[in-house]
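Small disclaimer: the values here were computed from a predicted structure and weren't measured. No hydrogens, no waters, no symmetry mates; every other heavy atom, side chains included, goes into these values. Each chain gets a letter, A, B and so on, in the order the sequences are listed, and its residues count up from 1.
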2 protein chains.
Amino acid sequence: MQARYLTIKDFVTDQIERGIWEPSEKIYSENELAVKFSVSRMTARKAIDSLCSEGVLVRSQGLGTFVADLRPMSSLLEIRNIADEIASRGHQYSGQVIDVRSVIPDKSLARLLDVPVDSAVYHSCLVHRENDIAVQYEDRYINPKFAPDYLQQNFLDQTPNAYLSKVAPLTEADHVVEAVLPDDNIVSALNSNFPCLKITRRTWCKRGIVSVAYLYHPGDKYRLGGHLTF
Amino acid sequence: MQARYLTIKDFVTDQIERGIWEPSEKIYSENELAVKFSVSRMTARKAIDSLCSEGVLVRSQGLGTFVADLRPMSSLLEIRNIADEIASRGHQYSGQVIDVRSVIPDKSLARLLDVPVDSAVYHSCLVHRENDIAVQYEDRYINPKFAPDYLQQNFLDQTPNAYLSKVAPLTEADHVVEAVLPDDNIVSALNSNFPCLKITRRTWCKRGIVSVAYLYHPGDKYRLGGHLTF
DNA sequence: CAGTGGTCTAGACCACTGG
DNA sequence: CAGTGGTCTAGACCACTGG
């Protein structure tokens, strides 16, 4: 015998999968669900709680419960500001700005950023250090539309990631993780010729693709931890 | 005025951060928390619910609530069966079994697997191929308690991951992703001396740690995709 | 204003674990 | 067996939203 809140959860999931409730559409209220399934409101709430924490539903006090807009494709990688991550380990963060300017993207980058081929985009290149040891080489391209003042920022005060999170709040991201041999620029910037863990990350705000970042981590000094519960 | 369950949540988080409650240690029961904070059990539960879904606590019916063993450093990675993943790309999967036998783990592996130092564990070593090109070297150690018939399986029919999912359903996992240079065994098995993406993955079933797997992917042939929504 | 979700109570019965 | 977490009830009052 299945728990009642699971029955409700299945029902809601089913409605969404069948397309009866579409993204951003309002679903039944907690009271309606409680009446429909003859349970207490707390039980109906529990089903919704669970779907909210899975990112399937979104609640809004006074308004109702809605089907979430953007569906996660598959796997999840949390995005943390590297300065915070280093600080949370009790270590000292320092940054070094290598380059900040406007560039014309090549075809493939323009496509990745979803901008016209001949229009300028912003570019920044930094090295992030933990206790003075380089742990990340960050090569990033930004769609100017979402961060027009990007070139005027001081990225020693605030990482590009932190700044972009403020002006164009993240709604979505995707990642590719690879092992690569670093090229000469990266070897000298990181002061290591170890194989690198390369993360290619695209970030979205509500209105489009904000930036594409190539993040290189010396394989001997950086680990990308993960944890997952089913 | 803060909600009462948040006060309890702060208290628990604080205890853990101060090291008063250590990983895998039992925390106060729901009833004890309810009494201590003069709230109903449902409210104490809500605080714990929230910390469980964040991966900070783990509950076990009949036993209690415990501080999670491995703290998620940051990110989440979905676990897919490599044979399915290859098939889903429309490519041909083939496996090669290099070694399947019982071994005595060293201290560090015994600790990772949560078994006594001198007790045998199972070991398997395979190479996975996509259209006859090696894409993963899988070096895996298994707690025999959860898969006693492991050594009798034919891993050409069914990957270790698929078999374990059946006999000891996954409830949890953690990952470390690194870039490394492959050693000689791996170079010859993968037929490539490219830097490797190494994933160290531990998997749990309800009753404990099932296996520790070291997965090596040639950096030029494998990508670990990810996608995320906020 | 009526309706929504957010929090909370003081009970209840259950399944599960260890001793 | 006593203790644990898992589910559930039938109420309550609150803050917030729109009309």
Side-chain angles (χ1 to χ4, degrees), chain A residues 1-13 15-16 21 24-69 229-230, chain B residues 1-13 15-16 21 23-69 114 145-146 168-169 171-172 204-209:
Chain A
M1 182 46 190
Q2 196 184 220
R4 295 188 229 194
Y5 80 92
L6 290 176
T7 306
I8 299 176
K9 203 177 153 180
D10 286 346
F11 167 77
V12 173
T13 305
Q15 293 286 105
I16 294 170
W21 289 337
S24 82
E25 202 171 327
K26 192 166 180 289
I27 74 161
Y28 295 158
S29 74
E30 298 178 353
N31 283 313
E32 285 169 336
L33 280 174
V35 170
K36 183 175 170 65
F37 287 90
S38 308
V39 298
S40 71
R41 188 184 142 218
M42 284 294 271
T43 299
R45 240 188 107 70
K46 185 164 181 174
I48 294 175
D49 270 342
S50 164
L51 288 167
C52 283
S53 75
E54 289 172 20
V56 175
L57 298 177
V58 174
R59 281 203 263 232
S60 186
Q61 190 176 18
L63 287 175
T65 303
F66 303 83
V67 178
D69 260 326
T229 307
F230 293 86
Chain B
M1 181 46 192
Q2 196 185 219
R4 296 187 225 195
Y5 80 91
L6 290 177
T7 306
I8 299 176
K9 204 177 152 180
D10 286 346
F11 167 77
V12 174
T13 305
Q15 293 286 104
I16 295 170
W21 289 337
S24 82
E25 202 171 326
K26 194 164 180 290
I27 74 160
Y28 295 158
S29 74
E30 298 179 353
N31 282 314
E32 285 169 337
L33 280 174
V35 170
K36 182 176 171 64
F37 286 90
S38 307
V39 298
S40 72
R41 188 182 143 219
M42 284 295 271
T43 299
R45 240 187 107 69
K46 187 163 179 175
I48 295 176
D49 270 341
S50 165
L51 289 167
C52 283
S53 75
E54 289 172 20
V56 175
L57 297 177
V58 174
R59 280 204 263 232
S60 187
Q61 191 174 16
L63 288 175
T65 304
F66 303 83
V67 179
D69 256 326
D114 195 24
K145 186 166 68 172
F146 300 122
T171 56
E172 215 174 332
W204 275 254
C205 67
K206 246 193 156 178
R207 293 159 47 237
I209 296 169

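Atoms CZ and CG, from B:Arg45 and B:Asn31 in turn, are 10.5 Å apart once rounded to the nearest 0.5 Å.
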Protein heavy-atom contacts under 4.0 Å, written 5' to 3' over nucleotides 5-12 of chain D as B (base), S (sugar-phosphate only) or - (none), form the string BBBBBB-B
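Looking at DNA chain D, the stems built from 3 or more consecutive Watson-Crick or G-U wobble pairs, each pair with its key distances under 3.5 Å, are C:3-16 with D:3-16.
Taking B:Asp114 as the reference, B:Ile209 meet the side-chain contact (heavy atoms from CB on, under 4.5 Å) condition, with sequence neighbours excluded. Shown here are the ring-ring contact (aromatic ring centres under 6.0 Å, His included) partners of B:Phe11, two or more places apart in sequence or in another chain: B:Trp21, B:Phe37. Taking A:Ser40 as the reference, A:Thr43 meet the side-chain hydrogen bond (donor to acceptor under 3.5 Å, both in side chains) condition, with sequence neighbours excluded.
With a 4.5 Å cut-off on side-chain heavy atoms, A:Thr7 and A:Val39 do not count as touching.
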Would you give me the side-chain donor-acceptor pairs under 3.5 Å for residues 57-66 of chain A, sequence neighbours excluded?
residue: A:Arg59; atom: NH1; partner: A:Glu30; partner atom: OE2; Å: 3.2
residue: A:Arg59; atom: NH2; partner: A:Asp49; partner atom: OD1; Å: 2.0

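With A:Thr13 contributing its side chain and A:Lys9 its backbone, the two residues share a donor-acceptor pair below 3.5 Å.
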